[in-house]
Amino acid sequence: MPLGALHDDSVDVLESAGLDVAELRRAGRRLVVRSPDGTTFITTRPSDVPTYVEAGAADVGIVGKDVLRERTPDVYELLDLGFGGCRMVYATRAGDDPTRAAIERLGAVRVATKYPVCAAAHFAATGRQAEVVRVSGSVELAPLVGLAHGIVDLTATGSTLRANGLVEREEVLRSSARLIANRASHKLRAEQVESLVSRLEEASR
Amino acid sequence: MTPGDAEPSPAEPPALPAGSRDVLPVEASELREIEAALRDRFLAWGYREVMTPVLEFAAVMDRAQEGGLGRAFRLFDESGRVLVLRPDLTIPVTRLIAGRLADHPGPVRVFYVARAFRPPRPGRAQPSELRQAGVELVGAPGPAADAEALALLVESLQAAGLAEPQVTVGDVWLIAAVLAGAGVPEEVAARMRRAAAERDLVEWRAEARALGLSGTATTLVEDLPRLRGGRELLARIAREVPDAAEECERLGVMLDLLDRHGIGGAVHLDLGVLRDRPYYSGIVVEAYAPGVGVPIAAGGRYDGLAARFGRPRPAVGFAIALDDLHRAVVAQRAEPSRLRPGVVLVGGMDDDLEVARAVRRAGVPVVALERGDPSGEGLAAADGWRFVARRSGGEFELHDTATGERAACRSLAEEIASRA
């Protein structure tokens, strides 16, 4: 289970798929919760969900496509759950787009991001050189103080970008919540996983 | 030393490169036991061992796949050619068979127990050194060879101590035939196969739905990598996509043979098991066991691989990841490793050399200590030896640490034999 933005919708969709989530709703700060129906819920940061599932510490997990693109874990991606929609965009300061000038005169555009893999792949796929600067938070700051020409970050409504005088220039990817499964669990607990997929498919329709 | 100099630093703890690790005696002996069990099965099926060098030319290994090898440790020889530490065994063994066994009259059956090397991806706790045991059956096309490889795989995993290995079998030709037979254009089919090989079933379904197929096979195509089963699954596919009937029949024959090999229950068709390499053909195999989140063995048929080394021949094989298999065996075996029936003999290095020799000749390991050495019981406990013996008057006192008993005896060899 991912902490943060995807958490509540994840609990809801699991409930409509017939899982007993009462204990999970009462979890408070507990990270491991056992349900009377035999399910164990593990709650962690979204970016750690693929790590737990890839290693088999969890059989299945819910996580955003953005995290999967960034981490490229070796897991099965089973279902688009439909919620948690957001976009990863490339944004720069309002006014003239500095990207082309930066590439022409400096050889590369400098991009600050929490998603260095996605950012690098986006510029590589469009044949442009980018110097990716990894930052951990408040990415919007970077172009305002000259650390970078632009940023690659997630946006839902665009209000944070606007508030900092940034405008979207390009869409990098569209994300939504995905159900993922460990490779071994997908085979060894095939019936349970398949039944969960079918019920979630029904519930997220 | 002048006052400005740095203090000589205390010796730093010796580090290992990421992904490398030492193997201590208990694990080493368990790994060797597993290896011995696998070797025994490979030999029983008439496979002969080969060894290939750790270093190969990168250009030769690169022939195996478009875009060259993926992750590998690379270095240069003295004339500047790029070498690699072999990143897998299938490619070197295929090179060996194509070159050295080109004139071999019949199907070639070889096995290897060796290590491959791959740089670990950061933050993933991946080993850089992969212990592998595998077989190659070259020169035999068709379902009988596929069934033999699967039967040998299951039997080997069982011999190594796995109670219930689960082997899943996909098939690249079946997938290709279904997509072509359902009218999926080749460039879309290629993207779908890549998505399935990357285990991205969301992407597969999005591609399938975007095609706007209509007709009996629409659901089948959308769900293909989710489908598992046996003969009923093959029957459904053959009914809905007649162009794939031939592949279904081949797999049906294989399932019949697996039943007669006595391992039908351990093998399941799973159409989500796929690889995206052009030389793969026919079956794709992965084996799993409880307690390990990755496949403990993988393989399949790659009829196109040998041609890249100049001698086209059909081939099927598998490689077992020994460390993952060992983890699975540990996960299923509750009890810690047992005491070994050896004896720590105080005085066996000096006063009682003759006794030590006699006990060893009787087949019991003797760990010798000098006379009066007080570390007998401590050493036995640390290294897992069951007995400690020391001279007491004209006799020996034998301490059986498994039961706590202390017995006086004249002949150590006989006393130990009576207890073992």
Side-chain angles (χ1 to χ4, degrees), chain A residues 42 47-48 50-82 84 116-117 134 173-198 200-201 204-205, chain B residues 70 121-126 162-170 195-207 209 219 222-223 225-229 233 266-274 284-298 321 324-325 327-328 331-332:
Chain A
I42 302 164
S47 57
D48 289 341
T51 308
Y52 282 76
V53 174
E54 184 178 47
D59 294 311
V60 295
I62 296 178
V63 67
K65 180 68 180 176
D66 54 312
V67 176
L68 293 178
R69 275 285 180 78
E70 185 64 27
R71 304 291 302 265
T72 58
D74 192 1
V75 295
Y76 276 95
E77 184 178 335
L78 296 175
L79 203 59
D80 184 345
L81 295 167
V117 175
R134 194 194 174 123
L173 66 91
R174 284 173 178 277
S175 176
S176 57
R178 304 293 159 96
L179 179 74
I180 60 173
N182 171 261
R183 287 181 70 182
S185 305
H186 188 253
K187 306 305 176 203
L188 295 173
R189 311 186 72 174
E191 279 169 30
Q192 285 163 291
V193 172
E194 186 54 34
S195 144
L196 179 66
V197 170
S198 307
L200 282 170
E201 221 169 2
S204 59
R205 198 160 272 167
Chain B
R121 295 165 74 189
R124 292 293 177 84
Q126 286 171 334
L162 267 196
E164 290 179 7
Q166 287 294 317
V167 177
T168 57
V169 178
E198 289 169 0
R199 289 176 273 287
D200 185 348
L201 307 195
V202 173
E203 179 69 17
W204 171 288
R205 210 165 316 136
E207 289 280 3
R209 293 208 169 130
T219 321
E222 282 179 11
D223 287 346
R226 277 170 75 176
L227 299 179
R228 305 168 228 262
L233 174 61
V267 180
H268 303 276
L269 294 180
D270 184 321
L271 303 187
V273 176
L274 204 60
V284 180
V285 180
E286 286 174 357
Y288 292 93
V292 181
V294 296
I296 54 173
D324 293 326
L325 172 56
R327 277 201 290 151
Q332 100 179 11

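Each chain gets a letter, A, B and so on, in the order its sequence line appears, and its residues count up from 1. Everything quoted here is computed from the prediction, not taken from an experiment.
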So, do Val294(B) and Arg183(A) sit near enough that their side-chain heavy atoms are less than 4.5 Å apart? no

Which answer fits Arg205(B), side chain, backbone, both or neither, if we ask what part of it has an atom under 4.5 Å from a heavy atom of chain A? side chain

Looking at Gly293(B), is its backbone amide N or carbonyl O close enough to the side chain of Asn182(A) to form a donor-acceptor pair, meaning the two atoms are under 3.5 Å apart? yes

Side chain to side chain, Gln166(B) and Lys187(A), heavy atoms closer than 4.5 Å: no

Contacting region of Val53(A) [heavy-atom separation from chain B under 4.5 Å]: neither

Measure Asp270(B) against the heavy atoms of chain A and call it side chain, backbone, both or neither at under 4.5 Å. side chain

N-O pairing of Arg199(B) and Glu77(A) below 4.0 Å: no

Check whether Ala206(B) gets within reach of chain A through its side chain, its backbone, both or neither, counting any heavy atom under 4.5 Å. neither

Under 4.5 Å from any heavy atom of chain A, what part of Pro290(B) do you find: side chain, backbone, both or neither? both

Consider only side-chain N and O atoms of Asp59(A) and Ser185(A), and report whether a donor and an acceptor are under 3.5 Å apart. yes

Out of Thr51(A), Asp80(A), Asp74(A), return the one with the most heavy atom pairs under 4.5 angstrom to chain B. Asp74(A)

Can you see which heavy atom on Glu203(B) is nearest to which on Ala195(B), and at what distance? CG-CB, 3.7 Å

Heavy-atom side-chain proximity of Leu271(B) to Pro225(B) below 4.5 angstrom: no

Where on Leu188(A) is there a heavy atom nearer than 4.5 Å to chain B: the side chain, the backbone, both, or neither? side chain

Given heavy-atom pairs under 4.5 angstrom as the criterion, report whether the side chain, backbone, both or neither of Ala55(A) touches chain B. backbone

Measuring heavy-atom distances to chain B, does Arg178(A) have an atom under 4.5 Å in its side chain, in its backbone, in both, or in neither? side chain

